[in-house]
Amino acid sequence: VHLQRFRSIDGVATKVSKHCHIDMCLELEEAANCTLRTVCYELCSFVCHYGEVPESGSYKALARHGVSQKLATSATTIAQCGGGTVPAPSAGDWYVFDDTAVRVKLGEELSAVVQCEGYHACFLMYR
């Protein structure tokens, strides 16, 4: 889902600074074989933009940690790149990818983080 965070006013890009409520689950109705069913997609990552114009600023990405053993093994390596050792996240935890660091955010803390980022989120990825 792409959230339009900039609009043009007299040819000048202006940031839309309204808060967006971000749901952890996106429910859509799917029509197949003449029946309707509700399909729930779970938030797996999102990207935030910090800056007043689209041509500059910085980005932060948050991504849910997968449960595969391969990802769990590489998680320790990624966490160590930030200059210190961070325990590998468990399923449900999230990575925060910033300009210079990768951090782990516990799953139970994420709801508050998602709501704070509602002013900056520009791309939401659901699966």
Side-chain angles (χ1 to χ4, degrees):
V1 176
H2 178 211
L3 303 173
Q4 293 285 30
R5 285 305 199 175
F6 294 92
R7 66 177 173 212
S8 180
I9 298 176
D10 296 328
V12 177
T14 305
K15 184 163 186 168
V16 177
S17 295
K18 292 188 177 186
H19 186 270
C20 291
H21 175 78
I22 301 170
D23 284 325
M24 299 299 289
C25 182
L26 177 65
E27 290 185 4
L28 299 175
E29 287 187 351
E30 177 183 76
N33 299 327
C34 298
T35 60
L36 275 178
R37 69 180 185 126
T38 300
V39 180
C40 182
Y41 296 94
E42 185 178 51
L43 184 67
C44 60
S45 63
F46 61 99
V47 177
C48 298
H49 176 264
Y50 302 88
E52 294 303 314
V53 293
E55 295 84 13
S56 67
S58 63
Y59 288 90
K60 178 168 61 173
L62 291 91
R64 183 184 298 265
H65 174 66
V67 294
S68 74
Q69 186 58 39
K70 183 177 181 180
L71 283 174
T73 302
S74 65
T76 303
T77 305
I78 292 171
Q80 290 173 346
C81 292
T85 302
V86 176
S90 61
D93 289 346
W94 287 64
Y95 285 116
V96 178
F97 298 92
D98 213 331
D99 288 337
T100 59
V102 177
R103 298 178 308 281
V104 174
K105 187 62 77 173
L106 299 178
E108 58 263 14
E109 299 171 358
L110 194 72
S111 182
V113 171
V114 167
Q115 294 318 309
C116 288
E117 296 297 354
Y119 288 100
H120 306 286
C122 54
F123 294 101
L124 308 173
M125 281 66 73
Y126 290 88
R127 62 173 168 195

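Worth knowing before you read on, the calculation uses all heavy atoms, side chains too, and leaves out hydrogens, waters and symmetry mates. Please read all numbers here as calculations on a predicted model, not as lab measurements. Positions are given from 1, in the same order as the sequence printed here.
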Inset, instruction - Could you check Leu43 against Asp23 for side chain to side chain contact (heavy atoms under 4.5 Å, CB included), going step by step and ending with a plain yes or no? - result: CA-CA 8 Å; Leu43 184 67; Asp23 284 325; over 6 Å; no
List the atom pairs, donor and acceptor, that lie under 3.5 Å between side-chain atoms in residues 8-18 and the rest of the protein, sequence neighbours left out.
unit_1	atom_1	unit_2	atom_2	d
Thr14	OG1	Val12	O	3.4
Lys15	NZ	His49	O	3.2
Lys15	NZ	Gly51	O	3.2

Are [X] and [Y] linked, directly or through other ILVMFWY residues, by side chains that come within less than 4.5 angstrom of each other?
X     : Y      : result
Phe46 : Leu3   : yes
Ile22 : Val96  : yes
Val39 : Leu124 : yes
Leu26 : Trp94  : yes
Phe97 : Leu106 : no

Legend entry - Criterion side chain to side chain contact (heavy atoms under 4.5 Å, CB included) against Tyr95, the qualifying member of Lys105, His65, Arg103: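 Result for side chain to side chain contact (heavy atoms under 4.5 Å, CB included) with Tyr95: His65.
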Legend entry - Residue pair Leu62 / Val113, side-chain heavy-atom distance below 4.5 Å: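 Counting from C-beta outward, Leu62 and Val113 do come under 4.5 Å.
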Inset, instruction - Using side-chain contact (heavy atoms from CB on, under 4.5 Å) as the criterion, list what pairs up with Val53, not counting sequence neighbours. - result: Glu55, Ser56
Inset, instruction - Look at the side chain of Arg37 and the backbone N and O of Ala31, then say whether any donor-acceptor pair between them is shorter than 3.5 Å. - result: no
Inset, instruction - Please list all pairs passing the side-chain hydrogen bond (donor to acceptor under 3.5 Å, both in side chains) test where one or both residues lie in residues 106-127, with sequence neighbours left out. - result: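 Sorted pair list: His21-Gln115, Tyr50-Glu117, Lys60-Glu117.
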Legend entry - Exercise: identify the closest heavy-atom pair between Arg5 and Cys20: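 Looking at all heavy atoms of both residues, the shortest contact is NH2-SG, 3.7 Å.
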Inset, instruction - Determine if the SG-SG distance between Cys122 and Cys48 falls under 2.5 Å. - result: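 No - the two cysteines, Cys122 and Cys48, have SG atoms at least 2.5 Å from each other.
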Inset, instruction - Any chance you could lay out the side chain to side chain contact (heavy atoms under 4.5 Å, CB included) test for Leu110 and Met24, step after step, and finish with the verdict? - result: CA-CA 10 Å; Leu110 194 72; Met24 299 299 289; 3.5 Å; yes
Legend entry - From Asp98 atom CG to Ser58 atom OG, the distance as rounded to the nearest 0.5 Å: 7.0 Å
Inset, instruction - Please assess Met125 against Val47 for the test side chain to side chain contact (heavy atoms under 4.5 Å, CB included), listing each intermediate value before the final yes or no. - result: CA-CA 9 Å; Met125 281 66 73; Val47 177; 3.9 Å; yes
